[in-house]
Amino acid sequence: MTPTSAGFKHASARAVADPSLREAITRVTGSLGVRRAQVTTELPHFDALRQRAKQIKRHTLAHLGRYLEQLEEAVRSRGGQVHWARDADEAARCVVDICRAVGARLVAKSKSMVTEELELNRALQRAGIQVVETDLGEFVVQLSGDRPSHLIAPIIHKRREEVAELFARHLGTPPDAPVQVLTAAARAHLRQAFLAADVGITGANFLVAETGTVVLVENEGNARMVTTRPRVHVAVAGIEKVIPRLSDLAVFLPLLVRSATGQRLSVYVSLLSGPRGPEERDGPEAFHLVLVDNGRTRTWLDLELREALECIRCSACLNSCPVYERAGGHAYGSVYSGPIGAVIAPALTGGHGLLDLPFASSLCGACRDVCPLRIDIPRMLVVLRARASGAPQARWERLLMRLAAWVLRHPKAYRCASTLGRLLQGSLRRSPWLPGPVRAWTQARELPRLSRKPFHRMVSRAWKPEG
Ligand code: SF4
């Protein structure tokens with residue numbers, strides 16, 4: 001995963017200055033959030049499902065080696081092949097080798113974040129193999145030479161007019177074509193790719209250890225085409241995607257779909273176990289599963305960050321995050337954006353170039369509240385912040401903290417300080433920015449006004465004994 005921005009601070013400053021980007025993002029995240037809230041509250045046992053999912057993930061991660069071995073055995077017993085990749089290069093090389101071995105010239109891909117992480121398209125193209133992204137959003141991303149900016153809505157940052165203009169250039173549709181015409185043009189174009197592709201590449205939402213099954217959840221049907229029409233299916237997945245049993249899907253599927261798109265059920269759920277059997281009429285002749293580490297074992301070994309591997313990439317945390325809403329996905333400079341991206345990206349890369357991401361949060365906790373796994377993202381952000389800060393506190397900072405602690409322990413000193421603050425705030429508020437090191441705090445928000453009647457005075461008056 002290559003960091004692709006000059007740092008969150010600069011990239012987000014550019015994004016914040018673009019009101020149309022913010023409007024485009026809030027429109028989608030807002031409606032996904034509302035739909036999620038509706039469909040999760042209508043399910044009386046939703047919280048019980050969350051609890052059960054947490055238990056299953058914790059248990060699976062605690063016995064990760066065992067379940068991965070079981071998965072490998074199950075895939076092999078059904079005629080599939082399993083490949084282990086330590087890092088992005090090894091994984092990309094493995095997929096390229098598989099494609100070369102079958103003489104592939106065209107590959108059809110369905111949406112997969114892990115293949116973005118590996119920069120797989122670039123590796124395939126370098127090997128002379130043409131790649132076509134078949135998810136509509138990813139197709140637009142590919143045509144425009146862009147990057148996805150959301151886990152499930154890759155072109156959340158694009159307006160319809162931009163897509164119409166892009167399709168007019170590449171597919172010959174009218175520049176003011178409505179959405180129906182654009183999607184029909186994409187469908188006709190992609191159909192050719194499905195028919196001609198030698199290899200289909202997908203990710204995996206879940207990998208079932210018990211049965212060696214790859215589970216794909218989607219709404220467009222392209223993943224089903226990619227896994228059934230080409231001669232070879234290659235599934236690429238992070239090692240954390242394994243779950244123990246097929247019955248665990250009864251817990252994870254409702255959580256994923258309701259938290260992701262606010263649907264009760266996604267349009268397609270495909271359970272794929274190995275290549276086409278002798279009695280079966282469709283499916284690939286060969287099936288390969290590429291299990292990717294690329295920093296996951298490092299994250300797994302780190303007990304303070306292991307919880308991040310429980311993520312099922314539903315994107316609910318992105319949709320609820322005030323920082324993501326304003327900065328957009330590209331500002332994170334990583335394939336994984338939003339609150340979970342701010343943890344996962346530095347964790348997987350060992351922080352390489354992404355150490356400012358944990359600071360891209362107000363720590364409001366909205367992400368943890370909506371997460372179907374209740375992943376404690378704020379806790380991990382604080383851990384990463386402490387590690388990134390590394391340097392010991394400055395002398396003035398230490399003194400200031402000691403002084404604050406002393407004031408907070410002594411009611412008289414606290415009352416004096418708050419009176420002083422009230423007297424001084426008039427002159428401070430006349431200046432647009434606070435002085436010195438706290439200046440940045442007031443560059444993007446207003447200094448809150450101290451109440452003329454402090455809370456402690458109101459409380460002490462209310463409690464004054466009568467008579
Ligand atoms: S951290 Fe939770 S809310 Fe965010 S994508 Fe992962 S599972 Fe979904």
Side-chain angles (χ1 to χ4, degrees), residues 25 28-30 32-37 39-40 46-47 49-58 60-61 111-114 116-117 148-154 156 203-207 215 217 237-243 248-249 251-263 266 296 299-300 304-325 327 329 332 334-348 357-358 360-384:
I25 293 172
V28 181
T29 54
L32 286 173
V34 168
R35 271 171 19 207
R36 179 208 154 269
V39 296
T40 53
F46 193 73
D47 270 341
L49 280 178
R50 290 171 90 180
Q51 234 170 333
R52 183 70 193 121
K54 187 89 186 167
Q55 284 167 354
I56 296 171
K57 275 284 180 185
R58 279 218 174 134
T60 316
L61 285 172
K111 186 177 169 313
S112 144
M113 293 310 286
V114 73
E116 295 282 346
E117 178 189 326
S149 65
H150 188 274
L151 285 176
I152 63 162
I156 192 173
N205 291 100
F206 303 100
L207 299 168
V215 184
V217 180
I239 53 174
E240 81 282 14
K241 291 293 175 104
V242 68
I243 55 170
D248 295 330
L249 290 176
V251 176
F252 286 106
L253 287 178
L255 283 179
L256 173 63
V257 177
R258 285 173 191 252
S259 305
T261 48
Q263 292 168 288
S266 64
R296 285 159 176 80
T299 310
W300 182 81
E304 287 185 305
L305 300 183
R306 184 185 282 186
E307 193 182 357
L309 296 176
E310 295 172 7
C311 173
I312 56 172
R313 307 279 190 270
C314 73
S315 85
C317 58
L318 278 69
N319 302 333
S320 69
C321 176
V323 175
Y324 176 87
E325 210 167 64
Y332 290 76
S334 148
V335 170
Y336 303 109
S337 57
I340 190 62
V343 175
I344 280 271
L348 292 183
L357 287 189
S361 169
S362 64
L363 299 180
C364 66
C367 48
R368 182 186 42 214
D369 292 348
V370 294
C371 175
L373 275 294
R374 291 193 204 282
I375 295 175
D376 198 347
I377 297 173
R379 178 190 62 76
M380 290 186 282
L381 289 173
V382 172
V383 167
L384 285 164

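Just so you know, ligand 1 is whichever comes first in the structure, and atom 1 is the first atom listed for that ligand.
- The distance from ligand 1 to the heavy atoms of Ile377 drops below 4.0 Å at these ligand atoms: 1 (S).
- By the ring-ring contact (aromatic ring centres under 6.0 Å, His included) test, Phe46 is found to be paired with no residue, residues two or more places apart in sequence or in another chain being considered.
- Applying the salt bridge (charged side-chain N to carboxylate O under 4.0 Å, His left out) test to Lys54 and every residue at least two apart in sequence or in another chain returns Glu307, Glu310.
- For atom 8 (Fe) of ligand 1, the count of nearby protein N, O or S atoms, meaning those under 2.8 Å away, is 1.
- Ring planes of Phe206 and Phe252: tilted class, angle from 30 to 60°.
- Asp47 has its side chain within reach of Arg374: a pair of non-hydrogen atoms, C-beta onward, lies under 4.5 Å apart.
- Checking each of Arg36, His150, Arg35 against Asn319 for a side chain to side chain donor-acceptor pair (under 3.5 Å) leaves exactly one that passes, namely His150.
- For Arg313, the side-chain contact (heavy atoms from CB on, under 4.5 Å) partners two or more places apart in sequence, or in a different chain, are Leu151, Glu240, Lys241, Arg296, Cys311, Tyr336, Ile344.
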